[in-house]
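Here is the structure we will look at, set down as structure tokens.
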Amino acid sequence: MDAAKRHAVNLSNHRSRPVTVDGVRTADLIVVMDASQRRQICERFGRRPRDVVVLATSTRPPVEARTIRDPVDQTATCSIQVYERIARCVREFGSVLDGRAG
């Protein structure tokens, strides 16, 4: 939460939720943090790989490790680094989507 606060994001009402069949079935796009999550979604829920995106694959220049690590039970420094990486990847992903829309 400290990492989010540094970027003026309020997560006080945020609660994680389990992945559900209905949620996966009705989603137009699913964004995950690593390739194993992508594989699990595709295998468990029958989604096509093109419907499940690993967030870090959109970054430029390409990074070797596509996994965005889970900061749960890690240091505040780790949480800040992960938050900043996610923010960077989301900006890149947004620019990719904007380019496709135009």
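This is a predicted model, so every value here is computed, not measured.
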Rounded to the nearest 0.5 angstrom, the CD1-CZ distance for I86 and R91 is 12.0 Å
Would you please test S79 and V82 for side-chain contact (heavy atoms from CB on, under 4.5 Å) and show each step? CA-CA 5 Å; S79 294; V82 169; 5.8 Å; no
Output the distance between atom CG (D70) and atom CE (M33), rounded to the nearest 0.5 Å. 9.5 Å
Would you say R6's side chain and I80's backbone share a donor-acceptor pair under 3.5 angstrom? no
Of all residues at least two apart in sequence or in a different chain, which pass the ring pair (Phe, Tyr, Trp, His ring centres under 6.0 Å) check with F45? none
Drop me the distance from L97's CG to E92's CD, to the nearest 0.5 angstrom. 11.5 Å
Donor-acceptor check, side chain of R38 to backbone of V52, threshold 3.5 angstrom: yes or no? yes
Between the side chains of R69 and Q81, is a donor N or O closer than 3.5 angstrom to an acceptor N or O? yes
side-chain hydrogen bond (donor to acceptor under 3.5 Å, both in side chains) between D34 and S36, worked out: CA-CA 6 Å; D34 66 45; S36 69; 2.6 Å; yes
Check whether V72 and V19 end up in the same hydrophobic cluster, where Ile, Leu, Val, Met, Phe, Trp and Tyr are linked by side-chain heavy atoms less than 4.5 Å apart. no
Separation between CG of L11 and OH of Y83, rounded to the nearest 0.5 Å: 7.0 Å
Between T20 and V24, is the side-chain contact (heavy atoms from CB on, under 4.5 Å) condition met? List the steps. CA-CA 6 Å; T20 65; V24 171; over 6 Å; no
Quick one: do R47 and I30 satisfy side-chain contact (heavy atoms from CB on, under 4.5 Å)? Show the steps, please. CA-CA 9 Å; R47 291 301 300 249; I30 300 166; 4.2 Å; yes
Which distance, rounded to the nearest 0.5 Å, do you find between the CZ of R39 and the CD1 of I41? 12.0 Å
Have N10 and S12 got a donor and an acceptor in their side chains that come within less than 3.5 Å? yes
Do D51 and L29 have side chains that approach each other closer than 4.5 Å (heavy atoms only, starting at C-beta)? no
Would a 4.5 Å heavy-atom cut-off, applied to side chains only, mark V53 and V32 as touching? no
